[in-house]
Every structure is written in structure tokens, then in C-alpha cells.
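Below is one structure, written out as C-alpha cells, with a few remarks after it.
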Amino acid sequence: MNSAILLVDIASADRDSWKSFLQNQNYDVFTAEDGESALRDCVQLQPDLVLLHDGLPDVGCFDLCRRMKGNPLNQQIPIVLIKPSPDPEDAARGRDAGAAAFWGSCNSLAEALNRVQSLLRLKKYIDEQAKSVVLSLARSIEAKSPLLNGHSDRIVDYAVQLGRSLDLAETDLQDLRIACLLHDVGKVAVPDEILLKPGALTVEEMQIVRQHPAIGESICAPLKSLRRILPAIRHHHERMDGSGYPDGLSGDEIPLMARILQIADIYDALVTDRPYRDALPSEDALETLRTEAAYGWLDTSLVWKFSRICREGEYLPLRGRTMLAAYYA
Ligand SMILES: [Fe+2]
């Protein structure tokens, strides 16, 4: 995927020459001509870098930078302020506004490219580090409950097998793996007394738990490397008949990755011990999935495919095969 750059500047030959130059370096370049469109485009496009020129008709560059950085979704996006005739205090003003760098004029386009490449490398590094932190966060939530130990790893196995049977591309399978590992990261906002409560939840407690898909989405949203899995995180508790949450999506409105993930998630919950019941044998768990599909909750065709995969066994990786062998024993 090419890096995306949002070029904020009034329309001019100079801007067009910057745009062509960056496009020739294989960057995806978008332009905005005023403050309002820059604010809107930055949130929608989530570029890897913003080059913000001073001299817009409706707002100064320091003000606009501050407003862009005020949106949590833009936190990880480096913004470079460009003011060809800077005042001595402008660099400090830029830092105060949250800019990653303040440029006066560049001696050449090659020098500008060098600076752009450095910032994009740094952005990528920070993004990967932040992704590791989010993955650790998800692991820490799972570690709170011995019953969930290994849950995410197992649903990766199940979901990837189901995804392979649908001929998903390797990049989609990789996204699916990450989505499985992170799908419940929003539970970090659920108090432990609710998360670990052995009995049934009250209506109020259930409402708190039901916020976790949207919270998980907002935790992952600032990271470019997680952008493609946001729909799976947000929608993994939707139901095919529209009775799920958080948005009440139905049928094909529910992203395929979310429909796969929820089957793997429910199956693993059924075949592992819970405080109120022992683990179900695989065939009983599959029967429960088929019943939920008949209710209109799960994707029927995916449930049947998953049942076939579990029965045939040979498609499962070593870890999955070992587990299934134990269930059938
Ligand atoms: Fe969940």
C-alpha cells in the first residue's frame, strides 16, 4: 500500500508541482484548499503525512494544526507546517500546535523528499510499536481469566481455516488473524467485576459489556496498520437478522470478516469450560451453531462450511487437529 500524503495549500502552480513530484515517487497525494476541507479530509483519509502550507484563506496554519491534532483520530498523523518566510518564534509555535516539523523553504525537491521519507519511516515505526502495545493489551485482557487462556490463538486457527475454504487472499487472512487477536480489546474498558463475574449479568452490566466493540474500534482506529480490521472489530456481535449490536446490521451488511470471526469465537466458547458448564463436545457445539444460524443469528452457509471443516479435520493445522482429536476421543 502506498503512503498517503494530504497536501493542504491553495491551488497554485507550486502546489501542482509538489503534487506531481510526490506522485512520481509513488505516494498517493490528496489536496485540500482550505481549513474546513483539510479537517474533513484528514479524518476521512487518515493520511500518513500532512504537508500544511501557511496562507490558507480561512485559517492560519498554527490554528489549523492545533485543530487537526485535537481530533484523537489524527493523533498519530505527523503534520508538517510550511511557511516560506518564517518569524523567529514560528518553530516554537509549531511545536505548541502539535506539528511534527516546521519547515521554512526547502533548497530543492530532493531535500523535501528526503525529509518526507524520514517522517514516513518514523510514522511507520511508531505505528508498528503502537500495534504491539494494542496486541499486548488484548493479551492482558485474556490473561485475566484462566478460562480464556489461548482463546484468541484458537479462534485464529478456526477463522483462518474457514477463510481459506472461502479462498480469501493471503492479505485478507492476515487481517483476519489480527482481527481475531484484537476483537475484544475494547473489554479493557469493562470493569473486572463485570468481566470476571461468574453469574448472569444485570441489564446495566450488559449495556457496559456491549460497548466493547465500539471501544475496540476507537482504540485501533488511529493505527494505519489496523485500519482494515476496524469493521470486523466493530461488528463482531452483529446478527444476520439485525438483532445484534452495536449497529443492528443485517445479512451482507455485516462484513464477511466479522461473520467468520463470530463463528470461530462462539465455537471456541462452546468447546471450552465455563463456570456454569463443562466444555461441549465438538459435534454438540456445531449443532448449537446450526441452531443459532436457524434463529437468524449466524451466517448459515458459513456455519455449514465450518461444520464440514471441523468434521473433515485434515484441513486444520496441527494445533487444531490435536484439539479436535481430543474432542472426538
Ligand atoms: Fe466480543
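Just so you know, residue 1 is the first one in the sequence shown, and it goes up from there. In this text, all values refer to a predicted model and were calculated from it rather than measured experimentally.
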Answer yes or no: are there more than 12 heavy-atom neighbours, outside [X] itself, under 6.0 Å from its atom [atom1]?
X: R290; atom1: CZ; result: yes
X: K124; atom1: NZ; result: no
X: D87; atom1: CG; result: yes

Using only heavy-atom distances, determine whether the side chains of [X] and [Y] contain a donor-acceptor pair under 3.5 Å.
X: D14; Y: H53; value: no
X: Q262; Y: D299; value: no
X: Y267; Y: T288; value: no

Between atom [atom1] of [X] and atom [atom2] of [Y], what is the distance when rounded to the nearest 0.5 Å?
X: H183; Y: I178; atom1: NE2; atom2: CD1; answer: 13.5 Å
X: R259; Y: L256; atom1: CZ; atom2: CG; answer: 5.0 Å
X: R239; Y: W297; atom1: CZ; atom2: CH2; answer: 4.5 Å
X: D16; Y: T31; atom1: CG; atom2: OG1; answer: 8.5 Å
X: C180; Y: M257; atom1: SG; atom2: CE; answer: 9.0 Å

Side chain [X], main chain [Y], donor-acceptor under 3.5 Å:
X: N2; Y: Y27; value: no
X: D247; Y: L249; value: no
X: K197; Y: D192; value: no
X: N74; Y: M68; value: yes
X: E238; Y: G248; value: yes
X: R227; Y: Q46; value: yes
X: R234; Y: P213; value: no
X: E205; Y: T202; value: yes
X: E142; Y: H151; value: yes
X: D127; Y: S225; value: yes

Presence of salt bridge, [Y] and [X], under 4.0 angstrom:
X: R154; Y: D157; answer: no
X: K83; Y: D90; answer: yes
X: E170; Y: R177; answer: yes

A side-chain contact here means heavy atoms from C-beta on lying under 4.5 Å apart; do [X] and [Y] qualify?
X: L22; Y: N24; result: no
X: L168; Y: I260; result: yes
X: L56; Y: E33; result: no
X: S108; Y: E111; result: yes
X: D184; Y: I141; result: no
X: D268; Y: Y158; result: yes
X: L51; Y: V8; result: no

Result for side chain to side chain contact (heavy atoms under 4.5 Å, CB included) between V50 and one of V80, I79, L81 points to I79
Passes salt bridge (charged side-chain N to carboxylate O under 4.0 Å, His left out), D96 versus R93? Steps please.
CA-CA 5 Å; D96 289 347; R93 289 177 70 197; over 6 Å; no
Hey, do the aromatic rings of H236 and H212 have their centres closer than 6.0 Å?
yes
